[in-house]
Structures are given as structure tokens and as C-alpha cells.
Amino acid sequence: GLVATNTSISRDGLSNESVASANEAGGLSGLPVKKKSTEIVRYILGKLERQSGGVEFDAESSAYTIEHVLPQSPNQGWEAFADRDLESSIFRLANMVMLEAGKNKEVGNKPYLDKRSVIAASGIQLTKKLAEENAEWTPTRLDERQKQLARLATAVWRVSQLSDAR
């Protein structure tokens with residue numbers, strides 16, 4: 001699945017001129033990478049929403065934010081996810097929904113059962129659908145949503161089949 005994250009890239013091999021900037025925030029990691037990955041996720045979710053027949057919204061608008069269903073810093077209530085699987089689960093596209101600004105702060109790091117009603121009240125179809133189809137949020141449900149989004153993505157971004165002629 002798609003993983004969008006601001007994971008640091010190795011800085012080995014940087015020239016001496018770059019050493020000072022290699023230790024600063026930004027550059028090969030940090031805010032610039034996070035900002036770009038956020039833009040990409042917003043773009044993808046916007047296209048998938050449109051394809052699913054939902055609302056058309058400006059993915060760059062501050063009226064919407066990305067909500068990580070399984071929070072980036074999970075507290076109590078997320079025991080279904082093993083510690084070793086947290087990072088790969090948190091940053092999967094299936095774990096992200098667009099949510100109206102303000103609602104994201106309302107749900108924060110709460111357990112899914114507390115988030116579900118807020119997610120269900122969203123005006124964004126794919127966001128609402130997640131809550132309607134998932135009484136709980138587990139690795140199995142996340143995997144199933146990832147497959148659903150992948151199928152939807154094939155309708156948005158058609159990839160030409162390779163010819164058998166060689």
C-alpha cells in the first residue's frame with residue numbers, strides 16, 4: 001500500500017559543504033518532506049472522493065485536514081495494533097481520511113469508538129463510509145479498506161496494460 005511519511009533519509013555521503021545543513025531541520029527530512037507527503041495524501045484522497053461520487057472539495061483548502069484514524073501517537077484503546085506494526089499502519093492511506101477542520105482536534109488521539117461518531121458525521125463520503133462500514137478499527141479492517149481504495153484508485157489512474165508482443 002501507499003505509505004506517506006516524513007521518514008528521515010540517510011545523510012551519509014553528504015559533502016563537507018552540506019554538513020552544517022545536514023544537521024538542521026528540513027533539507028532531506030523534516031518539515032519539507034512532511035509538507036510534500038501531506039499534499040500528496042490530500043490530492044489522492046480528493047481524487048478518490050470525487051471518483052466515489054462524493055463531494056468535490058479543494059484538497060489544498062484549510063477547511064479540511066487529514067485525520068489518522070489510528071493516531072500518530074496512540075494512547076489507550078489501540079491494543080488491536082501490535083507495537084511493531086504501528087508505524088506501517090499509521091501511515092497507510094487506508095488509515096487516513098479527510099475531515100472538516102476542527103473535527104480533527106475534537107477526535108485527537110481518542111480510541112476509534114470515540115472517534116467513530118465524529119467521522120460518521122463528516123460531509124465527505126469516503127470518510128463517512130469508513131465509520132459506517134467499520135464497527136471497530138483493526139489491522140484487518142485497515143487492510144480491507146486499503147484494498148477498497150486501491151480498487152477505486154485503478155478507476156482514477158488507469159495503467160496501460162503491457163503488450164504481449166515482444
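Within a 6.0 Å sphere centred on CZ of Arg84, heavy atoms belonging to other residues, nucleotides or ligands number 12 at most. Atom CG of Asp83 is surrounded by 12 or fewer heavy atoms from other residues, nucleotides or ligands within 6.0 Å. Atom CD of Gln76 has 12 or fewer neighbouring heavy atoms from other residues, nucleotides or ligands inside a 6.0 Å radius. More than 12 heavy-atom neighbours from other residues, nucleotides or ligands sit within 6.0 angstrom of NZ on Lys103.
The side-chain contact (heavy atoms from CB on, under 4.5 Å) test applied to Asn109 returns Pro71, Ser73, Asn75, not counting sequence neighbours. Under the salt bridge (Lys or Arg N to Asp or Glu O under 4.0 Å) criterion, Glu49 pairs with no residue, sequence neighbours left out.
The minimum heavy-atom distance linking Glu100 with Ile124 is given by the pair OE2-N, 3.9 Å. A pairwise comparison of heavy atoms in Leu93 and Arg145 identifies O-NH1, 3.8 Å as the closest pair. Val55 and Gly123 make their closest contact through CG1-O, 3.6 Å (heavy atoms, listed as atom of the first residue, atom of the second, distance). Heavy atoms only, all atoms of each residue included: Trp78 and Trp137 are closest at CZ3-CD1, 3.8 Å. Residues Leu113 and Ala135 come closest through the heavy atom pair CD2-O, 3.4 Å.
Classification of Glu132 and Lys129 as a salt-bridged pair fails, no side-chain N sitting under 4.0 Å from a carboxylate O. Between Arg116 and Glu133 there is no salt bridge, since no side-chain N of the basic residue sits under 4.0 Å from a carboxylate O of the acidic one.
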